[in-house]
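The structure appears below as structure tokens.
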Amino acid sequence: MKLFRRVLLWTVLGTTAALAVLSVAGAFLGAQRAAALFSSVPLIAFWILLAGGLAAGFFAFKRLIRSPGLLSMHVGALLILLGSMYGSAKSHDVASRLFGSRKVQSGYVVVREGMASNSIIDAEQNEIGRLPFSVHLKSFWIEHYEEPWNLIVAAPDQYREDAPVAWNVGEEIELPYVGARLRVLDYIPSARPRFAEDAKPSLKITLPDGKWIIEDAQADREIFLEGPKLTLRIAHVFSNLRVVGSGEDREVFDFPRPRGNSALAVEIRHEYGAVGRRYVTARFPMHGQDEKGLKLMYSYPEVVGAEADPGTGLPAMHVVVTHGGKELEDWLIAAEGAGVVYLPLAPLLYAAGSESEALVQSMEGPKLYMAKPIMPISDFKSDVLVQEEGEAPVRKVIELNDPLHYGGYHLYQNSYNPEDHSYTILSVTSDSGLWVVYAGFFLLCAGVFWRLWLRPVAAYLTKGKRNGG
Amino acid sequence: MAVKMTLQGLLIYAAMLAYLGTYIAVVFGLRRPGKRLYLAGFVLATVAFVYRWQHVRHVPLQNLFEVFICLGMLSYPISVLCRRFLGAEGIAADALIGFIVLFPAGFVFNAGPQKLPPVLQSWLFVPHVAAYMLAYMVLFKASMLALAQLVRKAEPNGDRSSTLERVTYRTICLGWPLLTLGLVLGAWWGKVAWGDYWNWDPKELWSLATWLVYLGYLHFRYMFGTRHPWVNSTLAVCGAMFVVLTLLPANLASRLFQGLHSYGT
């Protein structure tokens, strides 16, 4: 027995050293190859030897059974080994061959929004099994950290780069390139423009018979007309419509700035299907005359400031820029669909006159702009409904660090379609052996703390300093 | 290598100076002023940690910069604890460890605040990292004691050497449970976040290897007691070297150890 104990203890030291060396080797190999190494046939033999050695310890060393701390930590270690061996991919493989088990150890489920799936695929997208239940994706969304928008001075020429400025509300700072000073008076993270006399931007449609209707001018609004039979849709709201070129090469885009050329793009769909598009600007109402006698007028009231509106998610910034005794005060209000708002600085830096005005109109010349930063992702979530046949459905929002446990599997938020977020990728893992491993974790920790912390502390408290820590 | 001319940076430098002052004072026999300086360094490091906390608005243990400030803060309480309850002397060495762990925070790591990525948003984040930080500092302390034992081995005063060996053992008995807890909490969190309690990730493997070195130490010491003190002490020093290897390269997103733990660049 003495020899057996000696051999066993040396085996413990040997296997511990071997496992430490293998772990370091695995760290150099990278996770994928390390996983393959540790589940190879020689290593399976090693794991069995390790578990066997631990089990033999209980027979050879009575202390391991008599001391609750030692018993708990060694049983814990054994349970972790056995549970993880039972839950491994190899063990699932054996179970499917010997007993026809259909449980898959791990894989992925890809579900489109509004659809359901129970197909488990591997990393190469081959089907490797089916879940005993279906996963229906109600919706998927990504949440971002809200960061204040950046304030940037445009480069004066092509040889230099746009310069971001570090701003704080109330602080005065020097602007690079232009030599002016800026102070941010206010910043509202989610805001909407405030119009003079509480008016609203509106589209006035005058019909051929002289009757007219007024609609709120909001993107995607549809208006159905009876005579003539037409459908009007506000396709886009421009804060500063700019047109470059003419004919086929004509390019229409938004160059947002305060008091710019406010305009609407209106799609006109005829009864027989033809679609036309008209641009209606607030500044030049005559442009809105249709050849059929339909008259469109866009009215965009004067903006006098901004006010908080939690619904928009678009910021507004109140700035004052000073230079050479002159002052330029304005609101930069982000508009839907535009990640940037410009503030032309020509009126501040140059003498008032047609030249300065031309620079503002053309959007050339010195300017400051507020731009949307890259918002770091704070979370991504899948709202799913899972249902096994004949069972009550379970609904849960799966996110990172919050998986769903159902029907012998854990379902995790793994990834998503990066382009349009139309599908989610959930990873699924079998829960076989998991509770054994968890019990092992608990017993290991409990035993170690009992033996090395609580027992000496108790001894210290009862017998004084004799045994120490 | 960059000097941080911010309040955050200055707090770290002040704490480093205090720790260095402690070391010099104690080495020159000025124990009492040394102890006071050590306490001052601890207060400064704590202020640096709390300042960082309110600056980034989450427990600052996300990247190596924050982790090393935390390590610097833990130096003092661990020293006091070990001195009072385990009979482990060595204030100079403790203060030196504090100085060494603050150095990379002060001069090497990027202090840019980072938002918590989704995977780190879990209640297990703080206990997992905190258990490891405490364990590492205690085990560093143990390795210093072991080193002292190895250095004094040749001296005729054998008593002192065997006392050091015994204190090293007690210190490891204090640190190893924390190492076990950190490993188990990490595995549990891995299951919740990634789907598996073990992913064969380089950092996981390094930390397992570290845990195993101490496991080997405990079994060896059980087998032979204090008959081969230099083997015990060598294993203890070896364990601390594994801690350094776990802590640094695996976190630095190096090409060699790319893995799931590469947050702290």
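To find a chain, count down the sequence lines: A is the first, B the second, and so on, and within it residues start at 1.
- A donor and an acceptor atom, one from each side chain of B:W189 and A:N401, are located under 3.5 Å apart.
- Interface check for chain B: of the options A:G26, A:S84, A:A17, the most heavy-atom pairs under 4.5 Å are formed by A:S84.
- With 3.5 Å as the limit, one finds no donor-acceptor pair spanning the side chains of B:E165 and B:T226.
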Below 3.5 Å, can you tabulate the donor-acceptor pairs from side chains in residues 130-147 of chain B to any protein atom, sequence neighbours excluded?
residue : atom : partner : partner atom : Å
B:Y132  : OH   : B:L183  : N            : 3.3
B:K141  : NZ   : B:E89   : O            : 3.0
B:K141  : NZ   : B:D94   : OD1          : 3.0
B:K141  : NZ   : B:D94   : OD2          : 2.9
B:S143  : OG   : B:F140  : O            : 2.7

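- A donor-acceptor contact closer than 3.5 angstrom links the side chains of A:T424 and A:Q413.
- Counting heavy-atom pairs under 4.5 Å between each of A:G87, A:S106, A:P376, A:A20 and chain B puts A:A20 at the top.
- Between chain A and the options B:T171, B:L124, B:L178, heavy-atom pairs under 4.5 Å are most frequent for B:L178.
- Each of A:L434, A:L22, A:I80, A:V428 has some count of heavy-atom pairs under 4.5 Å with chain B, and the biggest count is that of A:L434.
- Judged purely by distance below 3.5 Å, without hydrogens or angles, the side chains of A:S67 and A:R451 pair a donor atom with an acceptor atom.
- Along residues 436-450 of chain A, the residues that come nearer than 4.5 angstrom to chain B, judged on non-hydrogen atoms, are A:V437, A:Y438, A:F441, A:L444, A:C445, A:V448, A:F449 in order of number.
- A:S430 and A:H92 are linked by a side-chain donor-acceptor pair at a separation below 3.5 angstrom, with hydrogens and angles left out of the test.
- For a residue to count as touching a neighbouring chain, one of its non-hydrogen atoms must lie under 4.5 Å from one of that chain's; by this rule A:L19 touches chain B with backbone and side chain alike.
- Under the 4.5 Å side-chain criterion, counting only non-hydrogen atoms from C-beta, B:F65 is in contact with B:N63.
- Contacts with chain A (heavy atom to heavy atom, under 4.5 Å) involve these residues of residues 207-216 of chain B, listed by number: B:L208, B:A209, B:W211, B:L212, B:L215, B:G216.
- Proximity of the aromatic rings of B:W200 and A:F38 is defined here by a centroid distance below 6.0 angstrom, and this criterion is met.
- Looking at residues two or more places apart in sequence or on another chain, you find a ring-ring contact (aromatic ring centres under 6.0 Å, His included) between B:F224 and A:W10, B:F220, B:H228.
- Within the 3.5 Å criterion, the main-chain N or O of A:I377 finds no donor-acceptor partner in the side chain of A:H144.
- Relative to the six-membered ring of A:Y409, A:K103 meets both conditions, a distance below 6.0 Å and an angle of at most 45° to the axis.
- For the residue pair A:E143/A:W141, the side-chain donor-acceptor check at 3.5 Å is satisfied.
- Residue with the most contacts toward chain A among B:W123, B:W176, B:W198, B:F242: B:W176 (heavy-atom pairs, distance under 4.5 Å).
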